[in-house]
Amino acid sequence: MSENVAIIGVGSTAVRAVTPEVSYRELTFEAAQRAYADADISHTEIQSAVCCEEDFFEGISIADEYTPDQLGVVLRSVETVTGDGLHGLAVAAMQIQTGIFDVVVVEAHSKASNILNFDHVIEYALDPIWNRPLGFHPEFVAGLEMNRFLKESGASVEDCDRVVAKNRTNALANPIAAYPARITAEDVAQSPDTFSPMRKMHQARRADGAVVLVLASEERARKASRPIWITGTGWANDTPTLESRPWGSDAATRAAAKMAFGEAGISDPDKEIDFFEVDDLYAYRELLTLASLGVKDGAGKINTSGGSIGMGHTLDTIGLYRVAMCVEALRNGSAGTALAHAWRGVPTTSAAVAILSNNHG
Amino acid sequence: MKPNFGTPLSSADIESGKVFSVSYEPRLEYAWDTGPAIGRYLQELKNGRLVGRKCHKCDRTFIPPRHFCELCFRPADEWVVLENTGTVNTFSICYVTWDMKKLTYPQIPAVIEVDGASEGYGILHLIADVDPNEVKVGMKVQAVWKPAEEREGSITDLKHWSPLK
Amino acid sequence: MRIPADHEHSAWKGNLPFGSFYTVGLAGQAFFEALRDRGEILGARCSKCEWVYVPAALFCERCFAELKDYTPVAHEGDVVSFTLCHLDLEGERLDPPDIVAIVRLDGAQSVLVHRGLGDPSEWSIGARAKVRLRDDREGSILDIEGFELI
Amino acid sequence: MTKFVRRAQETPPELSWAAAKAALDSAGMTLDDIDCVIHGTAPDAFDGVHYNGEYLAGGSGAWGKPYTRCYVGGGTGVFAPIHAWMHLASGKFKTALVVCEEKMSSCQPHPQGAFLTIFDHTTERALGPNLLWIFALEQQRYMAKHGIKNEEIALASVKNKRNALDHPSAQLGAELTVEEVLASEVMAHPVHRLMVSPTSDGAAACVMAVEDVAKAVTDKPAWIEGVGWALDTAFWTNRDLYYPRYVEKAAWMAYKMAGIEKPAEEIDFAEPYDPFAYKELHHLEGLQLAPKGQAPKLLAEGHFNRDGKLPSVPSGGLLGVGNPIAAAGMMKICELFWQVRGEAGKRQVKGGNPRRGVAQAWGDLMQVGTVIVVGAS
């Protein structure tokens with residue numbers, strides 16, 4: 001990167017299936033207060049904010065209206081990106097690299113529990129002319145991709161069962177995870193078919209939560225107690241159409257990884273990265289993501305937090321929870337270089353990657 | 001720079017079936033958690049009174065109430081029961097509904113600065129029981145509530161505002 | 001509507017009360033005219049990218065050329081993938097499940113998404129399938145009834 | 001740009017492509033030359049697709065490329081190139097394709113109905129608010145504070161609709177009088193029908209590049225000299241609506257970057273956001289191009305005419321060209337580009353040689369200001 005950027009503060013709420021005691025405002029306020037305390041900054045020092053959200057997840061048109069107050073950034077530069085939090089992280093880092101800001105925050109939250117008919121919202125994302133009139137449950141898209149991926153890769157449904165057992169079990173050690181469970185692959189194999197070959201337990205369950213990150217320029221980060229450096233970011237889209245995508249591979253993640261690895265100077269992720277927090281909205285996606293990242297030996301390094309299957313599917317906050325888990329591992333010494341990855345879910349082909357490290361350059 | 005696209009269609013193009021189309025009714029339904037501040041606000045509307053929150057640090061009393069002060073960025077300190085009266089900050093006389101249907105009798109939306117809140121702090125609401133031509137910026141108004149048994153914890157429990165008598 | 005969640009917490013219930021009306025676009029218009037009037041599945045060829053889009057598209061996503069070479073593709077092709085949908089849009093279980101298939105029609109590079117017809121247990125990736133059309137076509141993707149295995 | 005029309009036959013991705021392709025052609029570039037893609041559109045209620053940014057990716061040229069969709073409500077059209085500027089000024093990319101699209105006609109029963117859902121779901125929507133309310137409330141406050149008459153405001157409609165007669169994409173160019181504007185029906189007092197921009201379908205796009213690429217592609221690039229944006233509190237009923245302080249904040253951010261100290265003297269022409277007639281005047285004041293409350297007087301004196309000292313909305317604006325929200329903001333950026341290159345034809349200001357122009361958009365709950373200063377080579 002042309003100018004080094006660090007994460008100097010992380011704040012998150014616990015991930016929970018429901019959060020009836022708070023609105024999105026108080027939920028985000030909690031994450032922001034934690035982040036600013038972690039960074040040891042006042043809200044007055046923040047020059048800009050990047051928020052990540054979608055109108056129909058919020059139930060608000062032009063939902064960016066309601067972003068500044070709970071971040072303490074009234075009358076400052078605030079923008080909204082309809083992307084995962086990792087897209088927001090990349091945008092915030094670029095803002096700092098332009099030289100106009102020293103301190104920028106990134107925010108995303110999920111009040112998934114407030115959406116009464118989530119499947120209808122996702123249905124509304126299907127192409128209105130070609131796909132939506134067919135009237136299927138929209139997650140057929142994941143079923144198609146899983147089936148094709150298994151065929152091309154040689155991975156099995158049992159491999160996917162094992163991903164679920166691993167991530168749910170990993171979540172037992174994560175105090176902010178919503179869905180920890182002591183289960184085995186055999187338990188997963190018993191769960192009902194949904195979008196065959198997919199089973200119900202292969203799908204991450206939705207949850208509420210908020211994350212705020214404080215990013216700073218190198219000069220400002222040097223004054224912070226525990227900066228974690230963003231050594232590479234990458235993001236990319238494949239075609240939005242169902243008709244023209246490859247189906248058995250994830251071109252968006254491959255392109256995003258290539259960009260991030262290039263920036264971070266990584267040529268062999270197996271050797272150079274020791275901690276991976278990657279997309280697992282569906283169990284097969286963890287396997288597909290690792291293949292797309294070029295990771296061959298992931299034993300003990302993949303989604304030790306529990307991933308989205310163990311922690312919860314927090315809409316566009318997924319990527320920021322991945323980053324929060326990476327930062328924790330880097331700070332406590334259990335990792336030297338970490339990778340966070342997110343995919344935005346069906347029917348999108350939108351992926352982002354960030355490489356984080358205790359050191360830079 | 002003569003544009004090549006942006007092909008205009010008339011209603012006849014659609015109605016005659018000349019141009020193919022698809023209609024769809026999305027189901028986008030929510031139950032938004034109110035949280036402590038707006039939850040209490042609604043509950044007090046059911047009780048027939050307006051409440052605000054006060055931040056001791058900046059000494060502001062704000063309505064709609066928030067759990068935290070967005071300027072000091074700290075939890076707000078106390079609830080304040082506001083007056084039943086206020087001042088018209090600005091208003092309109094509107095002849096169409098939200099979906100552009102014509103109204104025979106216009107609505108009078110307004111920002112009402114509520115007495116007891118900090119100066120200039122108001123809420124969006126409606127003015128009624130008045131000749132629209134009589135409404136002025138700066139006019140004093142009072143809240144007119146629905147009967148207690150009809151109130152349900154909604155901003156419409158406050159029926160409207162009318163000139164202070 | 002305010003709904004008390006329990007004695008202390010409440011939620012406000014509401015919806016986004018609008019509908020949507022979509023024109024099918026310039027390429028869609030050509031596609032549906034061919035489908036309705038001639039029973040053809042229209043593709044659009046990008047000669048530079050050697051890629052035939054089905055359904056026909058106005059532009060090539062890869063090189064951004066305007067596509068003007070519209071030609072029908074075959075009604076038969078390979079099953080690229082399929083899934084059995086055990087849930088409907090309301091989350092209710094379906095028995096038998098819906099079959100959703102993507103089929104690469106001969107002559108096309110992209111796939112067509114539609115309902116799979118017949119016995120779910122007979123479907124497999126790599127099988128051959130063909131389009132079944134409705135007789136009463138009106139210019140919609142539903143003018144195609146689905147794919148049947150050959 | 002596409003034409004701006006009431007209802008377009010093209011789908012949203014087709015409109016996006018049409019504008020993006022025209023922008024690439026005008027730069028003599030192809031998709032292979034583009035490093036990253038930015039889309040601006042808001043809200044999703046218009047195109048009628050959830051994850052609308054994803055839906056529009058292919059039509060925007062994002063296949064296989066880094067792509068984000070940004071939005072700040074109505075401010076999006078001028079913000080999208082700011083978002084693109086970050087991509088380039090960070091050193092990360094050399095070229096960006098910026099596309100803005102809106103197809104409002106998809107929204108039923110009336111596009112304006114979508115605006116109910118911009119209001120607070122719990123404390124405001126039950127009152128049945130519409131977009132006219134907030135404009136009328138703001139205009140009333142502006143008029144009351146300064147003692148401005150509606151005749152003075154109607155003149156902005158007359159000027160912009162007349163200017164739009166010379167714009168090839170325009171939906172509503174017209175030769176009108178102040179009397180005709182005030183004789184049009186009252187929608188929401190003090191707002192009359194001819195003071196309101198139409199709902200529209202359309203798209204607009206531009207290509208941005210870092211200095212060395214720009215100089216290689218053209219001998220007269222339009223330079224981005226300054227950018228600024230600011231978002232005010234969502235609690236809009238706690239603010240005095242008579243003055244857009246968020247526009248002032250955004251403007252000074254952009255002016256400082258551009259080295260401008262006396263904007264009214266150093267800027268040659270302006271494209272302030274004009275979805276309603278008074279907004280142009282309101283925004284000229286926020287942009288520091290007229291003293292508070294003085295924009296109506298300067299308008300009446302001809303100051304903001306195409307041949308005036310500081311031409312404002314020479315394009316014809318949202319009132320005349322049309323208002324496919326984000327695309328309308330981008331249309332203003334296109335106008336800056338054509339004006340500083342001396343390519344604006346009959347719309348040209350300053351004898352074809354303006355040194356520098358400013359474009360601005362506004363949005364959300366009367367809350368956001370987005371500002372770009374563009375200079376000639």
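Since this is a predicted model, take the numbers as computed values, not measurements. Naming convention: chains lettered A, B, ... in sequence-line order (proteins, then strands); numbering from 1 in each chain.
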* Where on Thr23(C) is there a heavy atom nearer than 4.5 Å to chain A: the side chain, the backbone, both, or neither? -> backbone
* Asked: With a 4.5 Å heavy-atom cut-off, do Arg115(C) and Leu134(A) have their side chains touching?
  -> no
* Considering only heavy atoms and a distance below 4.5 Å, find which of Leu116(A), Thr194(A), Asn131(A), Asp55(A) pairs most often with chain C. => Thr194(A)
* Region of Glu21(A) in contact with chain C, defined by heavy-atom distances below 4.5 Å -> both
* **chain C contacts, top residue of Trp130(A), Phe140(A), Tyr124(A) (heavy-atom pairs, under 4.5 Å)** => Trp130(A)
* **Interatomic distance, Phe18(C) atom CZ to Ser61(A) atom OG [nearest 0.5 angstrom]** => 5.0 Å
* Backbone of Leu144(A) reached by a side-chain donor or acceptor of Ser81(C) within 3.5 Å -> yes
* residues 89-105 of chain C: residues contacting chain A (heavy atom under 4.5 Å, by number) -> Leu89(C), Glu90(C), Arg93(C), Asp98(C), Ile99(C), Val100(C), Ala101(C), Ile102(C)
* Asked: Side chain, backbone, both or neither: which part of Arg199(A) has an atom under 4.5 Å from a heavy atom of chain C?
  -> neither
* Could you have a look at Ile144(C), Val113(C), Asn15(C) and say which one has the most heavy-atom pairs with chain A under 4.5 angstrom? => Val113(C)
* Answer yes or no: is there a donor N or O on one side and an acceptor on the other, between the side chain of Thr83(C) and the main chain of Ser196(A), under 3.5 Å? => yes
* To do: Measure the CD-CD distance between Glu61(C) and Glu243(A) for me, rounded to the nearest 0.5 Å.
  => 9.5 Å
* For Ile141(C) against Pro133(A), the heavy-atom pair lying closest together -> CG2-CB, 3.7 Å
* Under 4.5 Å from a heavy atom of chain C, the part of Asn147(A) involved -> both
* Mind ranking Ile125(C), Leu112(C), Leu16(C), Val24(C) by heavy-atom pairs under 4.5 Å with chain A and telling me who comes out on top? => Ile125(C)
* To do: Grab the two heavy atoms, one from His114(C) and one from Phe136(A), that are nearest each other, plus how far apart they are.
  => C-CE1, 4.5 Å
* Of all residues at least two apart in sequence or in a different chain, which pass the ring-ring contact (aromatic ring centres under 6.0 Å, His included) check with Phe149(A)? -> none
* For chain C, which of Asn114(A), Thr239(A), Ile122(A), Leu242(A) has the most heavy-atom pairs under 4.5 Å? -> Thr239(A)
* Structure fact -> Applying side-chain hydrogen bond (donor to acceptor under 3.5 Å, both in side chains) to Asp208(A) and not counting sequence neighbours gives Thr19(A), Ser113(A)
* Asked: Should we count CD of Glu33(C) as having more than 12 external heavy atoms under 6.0 Å?
  -> yes
Quick one: side chains of residues 62-74 of chain C, donor-acceptor pairs under 3.5 Å with protein atoms, not counting sequence neighbours, listed by atom name and distance.
from     : atom 1 : to       : atom 2 : distance (Å)
Arg62(C) : NH1    : Tyr53(C) : OH     : 3.0
Tyr70(C) : OH     : Ala57(C) : O      : 3.2

